[in-house]
Amino acid sequence: MMDKIHVIDLEFLNTEEAIASFLVETSIGPILIETGPESTFEHLIKGIQQIGYQAKDIQHVLLTHIHFDHAGAAWKFAELGASIYVHPVGLPHLASPEKLWNSAKQIYGEEMDRLWGKMSPIPESQLIAVEHEQNLIFGETQIKALHTPGHASHHIAWKLGNEIFTGDVAGVKIENGPVVPPCPPPDIDIQAWKTSLAIIKAANPQSLYLTHFGVVNDISEHLDALSYILDDWANWIKPFYQENKAQKEVIPLFMDYTQKQLAREGCGKELIQIYEYANPSWMSVAGLYRYWKLKDQGRL
Ligand SMILES: [Zn+2]
């Protein structure tokens, strides 16, 4: 049996094609890859219903990593009895999300609810740690975990047949724009990320399913472009980090630099704004500063 894959647009901040969730129909019922944040849970349920299922039909949820825009609504499915599959490093943060929540709260402040919504603990009995290259079996469907750090230390890309659900490790690409790397703190590791891109390439997929956003078929070209722009962004930030320039002064410069790159690739104003929503400049500046700092300290 061929597994049917549905892309659900979560309409994050009423924006199309910013955050996706994926429903896979298997012989034992629907499973979900990515939940999006709790703030878009209603959109997700609407999407699930349009495919012909109810929220409680989802008994297996696979997460690429534990960032809010990917895993924020996982606890809602756990409340309905679902098992949640996650990287072993991410698992404790879903069991007790206070630390995750509080560090995000420091960044987002009063915007927290509007952007991400709430996050409640998931009972450990419903959390399943998945090792590198472990196969999960759902009836006739097999899904293989590929540990793919670089964007986050707790990142998994999920391989189903010839398709790979890449979370954030294969970058962000909206509509016909170029691929760009989301670089939030605290885990960015350029070297590890490139190794992960090689793992994905070696798995020889036919399509990539990007959470931000949708299906990519020109695999080699896509992964090479991402590898190139990763270095480009990291190296652009490096001298500012070295001269200790305040991040808030660098953010507008970085935004200008990357938005000109997008414009050169043919993106209009509106599309550039969606890129900024899906992958904020301030986040990448913070993440790449931290990357260079950890490298300086010999911690990467
Ligand atoms: Zn993301």
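The chain is numbered in sequence order, starting from 1. Counting starts at 1 for both ligands and their atoms, in listed order.
Partner Trp116 forms a ring-ring contact (aromatic ring centres under 6.0 Å, His included) with one of Phe12, Phe41, Trp101 and no other, that one being Phe12. Tyr257 pairs in a ring-ring contact (aromatic ring centres under 6.0 Å, His included) with only one of the listed residues (Phe240, Trp233, Trp236), which is Trp236.
Taking the Zn ion (ligand 1) as reference, His212 places its N/O/S atom NE2 nearest.
Geometry note: the Zn ion (ligand 1) is the vertex, Asp168 OD2 and Asp69 OD2 are the arms, and the angle is 150° (rounded to 10 degrees).
Here His70 reaches the Zn ion (ligand 1): one of its N/O/S atoms is less than 2.8 Å from the metal. In summary, no N, O or S atom of His151 is located under 2.8 Å from the Zn ion (ligand 1).
In the hydrophobic clustering of this structure, Met112 groups with Leu10; members are Ile, Leu, Val, Met, Phe, Trp, Tyr whose side-chain heavy atoms approach within less than 4.5 Å, directly or through other members.
Contact of the Ile51 side chain with the Ile8 side chain is registered, since non-hydrogen atoms from C-beta on lie closer than 4.5 Å.
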